[in-house]
Amino acid sequence: MRLEAQEISVRFGALAALASVSLDVQSGERRALIGPNGAGKTTLFNVIAGELRPAAGSVLLDGRDVTSLPTWRRARLSLGRTFQRSALFPRLSVGENLELAVRRGALVGRRRAVPERLEAAGLSAVAERPASSLGHGEQRALEIELALACEPRLLLLDEPMAGLSGAERQAALERLRNLPRSVTLVIVEHDIDAVFAIAERITVLDHGVKIADGTPAEVRADPRVQEVYLGRP
Amino acid sequence: MPAVLLAVLISLPFWTPSRYWVSVAIQALILAVFAMSLDLLLGFGGMPSFGHAAFYGMGAYACGKLFPQLTGAGLLAFLVAGMAAGVIAALPIGALAVRARGIYFLMLTLAFAQMVWGLAFQWTSFTGGTEGMSGIPQAVPDWLQEQGQNLWPALRTAGPFYVVALTVAVLAFAGLTAITRSPFGRALEGIRENEGRMRALGYPTYRYRLAAFVIAAAFAGLAGATTALYNGYANPSQLYWHTSGLVLIAVIVGGTRSLLGAVLGAFFVTIVQLVISSYTEHWQLLLGAVFIAVVLFLPGGFISLGRLGWLKR
Ligand SMILES: Nc1ncnc2c1ncn2[C@@H]1O[C@H](COP(=O)(O)OP(=O)(O)OP(=O)(O)O)[C@@H](O)[C@H]1O
Ligand SMILES: [Mg+2]
């Protein structure tokens, strides 16, 4: 699914969290969105997903203007997302978490897909446990699987690798790299190795402004990017 | 556990020492239906309503208002009228209240319920004002009236209606159990746990919350209709915030997120209110103390004492 965010502006009081930011992601593309803390990456995701109404600008999915559609309607157009801080159903079991995801807002059917999903996420052994009892790595795996279980055609991933160990990171990376091309991927990630391993194009935000947009090589060579982001240890 | 409870309740009129206890059980069963309906909102939906009496009272008033027309139609007509009244009141109130969360939802439901109470209190020509409406028949079906007296000759007055109250409670339990275990109930729990995530998964959460509010009001209206039939009257106290508070205490003390917990809480509250109050005027003090103790030391309510396994769910 193609994603176009056109000249999005968001204000929080006096703060311009996003100042006329545009993003054009082709169907099937792997795009990374990077930038220092507070750059506006999560804010942009919230606008695309429908959680935040922008002060100006519009969001198009496959050319259709969805700016005024609520979150759940966009989700039903196959937009999936993960959250920077895991957004699970803590007191429900892992299996029940996934059951809600595979139903995708409907009340009928699809429950049979749960065991496959548990398997794919490596969570079969903990299917009966409440989500709150999982370790951080398992919670992140479930976080990603909740989004994947909806079979999205556009997937927004907000720092999926944050806090993962080396092995867990590798497993998550593998899972993302194996996604079919029918899924368009936009990933926010601070782990620069992961970004360069996945992304075909990179967009860089800083203080609500887009400062670069190009192939990994172009972005790596960009002096402004090096200054505000990559150059810093 | 539900089976044990059911066996005790079915056999109760046979071994209970007096008809007084049957009347206590009837009132406990009615409160149990009311409490289960609130638990759908509070326990499963995470919506703490402090105005649930509005729908309970509406159910009672529907019977009070319509009994001249409904008497010929029989028991079922009264119960359906009570549920319909709950639904009719819940649609506009819920459409607004469900937009709020947590303490704001609680205050809004309280405010709406007090408005309904004020209306019943002051619109004397329509509602009977302070007096309310009386003379509502028990509407026990004839066959039950006769059979009930044959079965339980010692319990001429209370016996037949006990069957009505127990049947209503069992059906409400079965209905609400089916709802909470359905995909709808699971989605409601998902909304309680993380509404933002549910939206992101494609669930229209406002509609789900409103649906839960209306279903809960329908069962509250059913309880209200049952109490109106049993007591023969509808009056403003059934709509008052005291009633909302009492059912809230019943659910919390018994254990939220469990219909059985709500039933246990309802029996406890009824026994304190009716039985302990005949020994001491300080029954409210006792209820308050137990409520505080449960909130502090047993957040899962009485039902959580059964962690041993067989009592759970
Ligand atoms: N709801 C809000 N109210 C007020 N300010 C907000 C709100 N959400 C975000 N902000 C501010 O907007 C700016 C952008 O925040 P955002 O979360 O989008 O950054 P980010 O790029 O995702 O950063 P990080 O890498 O730390 O996750 C920050 O200065 C943040 O403090
Ligand atoms: Mg962020």
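Keep in mind it's a predicted model, so treat the numbers as computed, not measured. Scope of the values below: all heavy atoms of this structure, side chains included, with no hydrogens, waters or symmetry mates. Throughout, a chain's letter reflects where its sequence line sits, starting with A, and its residues are numbered from 1.
In this structure, B:A200 and A:A75 approach most closely via the heavy-atom pair O-CB, 3.3 Å. B:P204 and A:R76 get closest at one heavy-atom pair: CD-NH2, 3.6 Å. A:W72 and B:Y203 get closest at one heavy-atom pair: CB-O, 3.3 Å.
In this structure, no portion of A:R74 lies under 4.5 Å from any heavy atom of chain B. For chain B, no part of A:A49 is nearby; none of its heavy atoms comes within less than 4.5 Å.
In terms of heavy-atom pairs under 4.5 Å with chain B, the best-connected choice from A:R91, A:R73, A:R81 is A:R91.
Looking at B:R197, its side chain never comes within 3.5 Å of a backbone N or O of A:L88 through a donor-acceptor pair. Side-chain atoms of A:E96 never come within 3.5 Å of backbone atoms of B:R186 as a donor-acceptor pair (strictly under, hydrogens ignored).
Other residues, nucleotides and ligands contribute over 12 non-hydrogen atoms within 6.0 Å of the CD atom of A:Q26. Applying the 6.0 Å contact sphere to CZ of A:R181 captures more than 12 heavy atoms from other residues, nucleotides or ligands. Surrounding CD of A:E7 are at most 12 heavy atoms belonging to other residues, nucleotides or ligands under 6.0 Å away. Summarising the local packing, CD of A:E174 is surrounded by more than 12 heavy atoms from other residues, nucleotides or ligands at distances under 6.0 Å.
Contacts between residues 143-159 of chain A and chain B, counted as heavy-atom pairs separated by less than 4.5 Å, involve A:E143, A:L146, A:A147, A:C150.
With values rounded to the nearest 0.5 angstrom, A:T71 atom OG1 is found 10.0 Å from B:E195 atom CD.
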